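Each remark here refers to the structure printed beneath this line.
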Amino acid sequence: MMPAARESLLDAACTALARRPWSAVRMVDVAAAAGVSRQTLYNEFGSKDGLARALVRREADGYLAGVARALGDAPGAPRERLTATAEWTVSAARDNALVRAMLTGCWSERLPAPPLTAVASSSPVPAQRRADGPLPSPGDFVALVRDRAVAALEGDASPEAGELARSCELAVRLALSCVTAPPGEGGVAELVRTVLPRRTAT
């Protein structure tokens with residue numbers, strides 16, 4: 001199947017999930033919404049559980065792509081780029097229930113909640129074999145975002161490596177705290193700028 005058709009199926013599943021709990025989402029309806037046969041859907045994902053894993057994997061990848069954009073696109077000092085990353089984390093979690101569940105580990109009954117461990121995969125579809133691999137836990141996301149931030153910022157006029165890593169992890173953890181307990185006036189940006197060391201701003 002072409003990647004565009006796979007994306008259409010995942011889009012259809014995401015739309016269905018926005019309207020009803022995952023337990024009530026039917027494969028035949030997802031296939032019909034994407035304009036393909038139910039057999040094509042099963043050929044691509046193997047099962048409804050396979051579709052759930054692929055959907056979670058796509059949303060995880062989308063969140064991490066946004067992290068990369070925030071780190072690369074935000075102007076100014078490392079502290080501003082970390083602030084942009086924290087703001088993206090909060091907005092992504094607010095706007096996407098799957099991202100929120102992945103970052104916090106709090107899966108509601110409305111959502112698919114595939115096991116984070118890898119599952120046996122005999123799929124001939126490379127993208128599905130990847131989706132059948134391990135899915136990131138909240139702790140994995142902290143480490144992934146921290147390490148990507150360090151890699152993006154270490155070439156700048158930034159603090160020494162240990163301090164930079166601590167600052168990056170602190171920014172991520174502050175953002176996650178704001179996901180579960182929304183901040184007051186000033187939002188996550190004010191929190192990050194206030195707590196990160198001054199040297200991170202240079």
Side-chain angles (χ1 to χ4, degrees), residues 1-73 85 87-145 147-148 172 175-176 179-180:
M1 177 182 285
M2 296 295 291
R6 183 179 175 90
E7 286 299 306
S8 294
L9 284 163
L10 290 171
D11 288 342
C14 202
T15 298
L17 180 59
R19 295 174 178 164
R20 62 185 72 93
W22 183 250
S23 61
V25 172
R26 301 192 310 159
M27 295 288 272
V28 63
D29 295 333
V30 171
V36 303
S37 69
R38 185 170 60 171
Q39 187 59 51
T40 298
L41 176 57
Y42 278 101
N43 289 346
E44 184 70 16
F45 299 102
S47 65
K48 188 177 178 183
D49 287 341
L51 176 61
R53 291 187 73 84
L55 190 57
V56 169
R57 169 57 67 186
R58 183 180 75 162
E59 300 312 303
D61 289 346
Y63 164 70
L64 291 172
V67 167
R69 286 193 299 273
L71 288 168
D73 294 347
T85 302
E87 289 180 315
W88 160 250
T89 294
V90 173
S91 67
R94 182 187 62 232
D95 297 340
N96 187 315
L98 280 174
V99 170
R100 181 184 179 91
M102 284 186 285
L103 292 177
T104 63
C106 298
W107 296 82
S108 78
E109 292 181 359
R110 286 189 54 84
L111 299 176
L116 299 182
T117 53
V119 298
S121 180
S122 58
S123 175
V125 181
Q128 189 58 36
R129 288 200 300 273
R130 180 169 180 264
D132 289 338
L135 298 171
S137 68
D140 293 333
F141 278 112
V142 170
L144 284 166
V145 177
D147 293 349
R148 291 181 185 203
V172 178
L176 292 180
V179 168
T180 56

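Every value quoted in this text rests on a predicted model; they were computed, and no experiment measured them.
Scanning all heavy atoms of the two residues, the minimum distance from Pro136 to Asp140 falls at CA-OD2, 3.5 Å. Residues Cys14 and Arg58 share a closest heavy-atom pair of CB-NH2, 4.1 Å. Shortest non-hydrogen contact noted between Ala12 and Ala33 is CB-CB, 3.9 Å. Scanning all heavy atoms of the two residues, the minimum distance from Pro112 to Leu17 falls at CD-CD2, 3.8 Å. Of all heavy-atom pairs spanning Trp88 and Ala70, the tightest one is CB-CB, 4.4 Å. Smallest separation of non-hydrogen atoms from Ser123 and Arg129: O-NH1, 3.0 Å.
Between Leu10 and Leu51 the shortest side-chain heavy-atom distance falls below 4.5 Å. Here the side chains of Asn43 and Ser37 are not in contact, with every heavy-atom distance at 4.5 Å or above. Within the 4.5 Å cutoff, the side chain of Val145 has heavy atoms near those of the Leu64 side chain. Within the 4.5 Å cutoff, no side-chain heavy atoms of Val172 are placed close to those of Phe141. You'll find the side chain of Tyr63 reaches within 4.5 Å of the side chain of Leu103, heavy atoms only. The shortest side-chain heavy-atom distance between Gln128 and Ser122 does not fall under the 4.5 Å cut-off. Annotation: side chain of Trp107 is in contact with side chain of Leu98 (closest heavy-atom distance under 4.5 Å).
Under a cut-off of 6.0 angstrom, the local environment of CD in Glu109 is sparse, with at most 12 non-hydrogen atoms contributed by other residues, nucleotides or ligands. When the shell of 6.0 Å around CZ of Arg20 is examined, it contains more than 12 heavy atoms from other residues, nucleotides or ligands.
Asp11 CG to Arg6 CZ: the interatomic distance, rounded to the nearest 0.5 Å, is 12.0 Å. In this structure, Glu59 CD and Leu135 CG are separated by 12.0 Å, a value rounded to the nearest 0.5 Å. Residue Thr40 holds its OG1 atom at 8.0 Å from CG of Leu9, rounded to the nearest 0.5 Å. Taking OG1 of Thr89 as the start and CZ of Arg100 as the end, the distance is 13.0 Å to the nearest 0.5 Å. Rounding to the nearest 0.5 Å gives a distance of 10.5 Å between CG of Asp132 and CZ of Phe45.
In this structure, the side chain of Arg38 does not engage the main chain of Ala31 through any donor-acceptor pair within 3.5 Å. No donor-acceptor pair closer than 3.5 Å links the side chain of Trp22 to the backbone N or O of Ala16. For the pair Arg148 (side chain) and Ala143 (backbone), a donor-acceptor distance under 3.5 Å is absent.
Salt-bridge check for Arg53 with Asp49: failed, with every basic side-chain N at 4.0 Å or more from each acidic carboxylate O.
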(request) Check the pair Asp29, Arg19 against salt bridge (Lys or Arg N to Asp or Glu O under 4.0 Å), reporting the backbone distance first and the verdict last. (result) CA-CA 12 Å; Asp29 295 333; Arg19 295 174 178 164; over 6 Å; no
